[in-house]
Number of protein chains: 2
Amino acid sequence: MPRRSAETPDATPGAAASRSTIADVARVAGVSKATVSRFLNRRDELLTRDIAARVEAAIAELGYSPSPMAQALKRGRTRLIGLVVADVTNPFSVAVLRGAEQACQEAGYLVMLFNLGNQAARELEAIEALSSYQVEGFILNTLGSDPAALAAATRLGKPVVLVDRRHAGMQSDFVSLDNAGAVLLAAGHLAEQGHGELLFISEPTAGVSSRQERAQAFQAFLATHDGHSGHSGQLQGSLFECDEQHPQALDAALLAARQRAGSRRLGVLASNAVVTLRVAAALARLGWHFGEELGFVGFDETEWAPHVGPGLSAIAQPTGDLGRIAARCLLERLQGHQLPPRQTLLPGRLIVRGSSRKV
Amino acid sequence: MPRRSAETPDATPGAAASRSTIADVARVAGVSKATVSRFLNRRDELLTRDIAARVEAAIAELGYSPSPMAQALKRGRTRLIGLVVADVTNPFSVAVLRGAEQACQEAGYLVMLFNLGNQAARELEAIEALSSYQVEGFILNTLGSDPAALAAATRLGKPVVLVDRRHAGMQSDFVSLDNAGAVLLAAGHLAEQGHGELLFISEPTAGVSSRQERAQAFQAFLATHDGHSGHSGQLQGSLFECDEQHPQALDAALLAARQRAGSRRLGVLASNAVVTLRVAAALARLGWHFGEELGFVGFDETEWAPHVGPGLSAIAQPTGDLGRIAARCLLERLQGHQLPPRQTLLPGRLIVRGSSRKV
DNA sequence: TTGTATGCGTTATCAC
DNA sequence: GTGATAACGCATACAA
């Protein structure tokens, strides 16, 4: 079948108006494909002025743009970055995504997103799907529970940057909030505001590194201050993992903590926004109020934090920067820089609202 | 340079372990490339048992999987769907994304996401970038302000499904909430709960169809009930567009509405979650409270709606279904079904909480 | 039933 | 400076 001539508008619905190719441009310009290709890739060197002009005109006339697919096939470079996210519903992940996307776009890369929908089992699948599309590197914000996934990526020789969550035995670059510092910031603030009994509430750790780090930092904080008497006498605290399935267990944990507190004030630290919402639900069931029966600080700043109760104090993560830095980190490796695995830790910012202020 | 032999593990870091190709499989299995290809695509017909076994073994040994890029180049089919979103930060968009993604995945398609970051100017750019990767169709949840964008998609003969927002002069399938019905539901509820003065608050319409539809439906509701005396005397209402830049204008609008209400109760209807947050901020400035100085219903159900004030009543959109239906709609067209443009309108669901209940 | 040859749209290596 | 031509990895018409 002869190629459809370029002049034919081809209004036939359904019959995709086949994109014009480099061959079409060459024919219209009356030159060879090689010349067109040269014009495109190394337009400055070795080109007669009038030939360059003709090629340029032909490209404009046909609205030609090269096929990244074919280019990828030939060059082995796709200018594609694979971004795997545990859950797009998570605002933290989305914020990171935005930062990464922006940095990639500036560098002429396109981001291919794969959403796990919190199914850890799909982690390997994601990496394979993405790498079959020849993405040049990965940004991973996943559970990190499947070692095979990370192995697959490195086996393929593709650089990986991990965000927020480490993977077991990883050799990759890593970008994250300074969890230890952030916990200190929050717990210190609660103590300073006169909360003598602290409760750290987390999702089930389930091997997620950031959750572990935050819990450990909290324990370290307690150990440091144990025996010391703070602003309101003895400082003590405990940890609780709140399971989605058993909300009443959270209620019980809160009641128990209040009991332990006695005359001291109870301060609660929620390890992320999901936990914050669960705590809010628990308070509603108990008839408690933020800033009254308990002081509160939660990880992750959200748009709704100012409007719940007296305003929820929060640890804001530099999400955009995390994404941007992760992307830049990856892009540097793509340039071929041989560097040892780097870790970048960014500080959190405490935003104080009514929920944690001394009455 | 001779191809690296398959047995070499090639641990050289940085030197991407080149994926094995169909040629490698053919060589290992001792057959031709065509045979391998046939095994892959039409494995049932025409294949000697032992040859099939050999090919299968070779594939397993090499961990071979075909390159979608090369397949796309050859077949013209990529199994890629382009999804353009005005703003990934918008929970509505993300929820739609999830539904669409799931449906596409089930059909063996991969979703390529392009985020506009609310820059309308990038709409055309998005469509061109995506279509250069040969996506087979588009799901668009964009501003719809750039007619050239939609034109570009249809010019390329690629089917398009619009979600939530219509485009000017569109010929495409369209999936959305039944905005008129939803407004009736919300306004009717407010009236029924004894709110005699209604205020509809929207973002600047700016040509976004869903905003227009909601505003018009509200006006229609007022027209219908004008003169009629409802549960609390005369029913009246007005509309206000709240600009992000001038929050104090919103405060003034609320005060004015309260004034007009006189002894009647004031009911406020927010046209989306962003507006709801702005109203919450305004109430904080005015010292008002949801459910007291005003009754409230907002479009879009959010995770935080139950925890703001006495709980915010909301119109929940069937976001997951919207995405799923949009994807299925597109996939049907991809199968080659020639159908006229379809519109699918899904009903909203009213969730009543403290903010709108009769005291 | 299997192998050979060709082309998808590019880029790169040669000649000219 | 420019033009043939051979790959890249795959699918397919055709030959055997």
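Quick caveat: nothing in here was measured; it's all calculated off a predicted structure. Note on naming: letters A, B, ... go to the chains in the order of the sequence lines (proteins, then strands), and numbering restarts at 1 for each one.
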Which side-chain N or O atoms in residues 65-73 of chain B pair as donor and acceptor under 3.5 Å with protein atoms at least two apart or in another chain?
from   : atom 1 : to     : atom 2 : distance (Å)
S65(B) : OG     : R19(B) : NH2    : 2.8
S67(B) : OG     : M69(B) : N      : 3.3
S67(B) : OG     : A70(B) : N      : 3.1

Query raised in the report: Can you give one letter per nucleotide of nucleotides 10-16 of chain C, 5' to 3': B if a protein heavy atom sits under 4.0 Å from the base, S if only from the sugar-phosphate, - if neither?
Result: BBB----
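- Judged by distance alone, the side chain of D173(B) and the main-chain N or O of R342(B) form a donor-acceptor pair under 3.5 Å.
- F39(B) places its CZ atom 15 Å from the C1' atom of dT1(C), with the value rounded to the nearest Å.
- The distance between atom CE of M69(A) and atom P of dC10(D), rounded to the nearest whole Å, is 14 Å.
- In this structure, S176(B) OG and I325(B) CD1 are separated by 11.0 Å, a value rounded to the nearest 0.5 Å.
- In this structure, the side chains of L339(A) and E332(A) come closer than 4.5 Å at one or more pairs of heavy atoms.
- Between the CG atom of L62(B) and the C1' atom of dG9(D) there is a distance of 15 Å, given to the nearest Å.
- Of all the heavy atoms in I139(A) and A327(A), the pair that sits closest is CD1-CA, 3.9 Å.
- Following rounding to the nearest Å, D24(B) (CG) and dC8(D) (C1') show an atom-to-atom distance of 13 Å.
- By the 4.0 Å N-to-carboxylate-O rule, R98(B) lies close enough to D87(A) to be salt-bridged with it.
- Note on T35(A): every side-chain N or O is 4.0 Å or more away from OP1 and OP2 of dT2(D).
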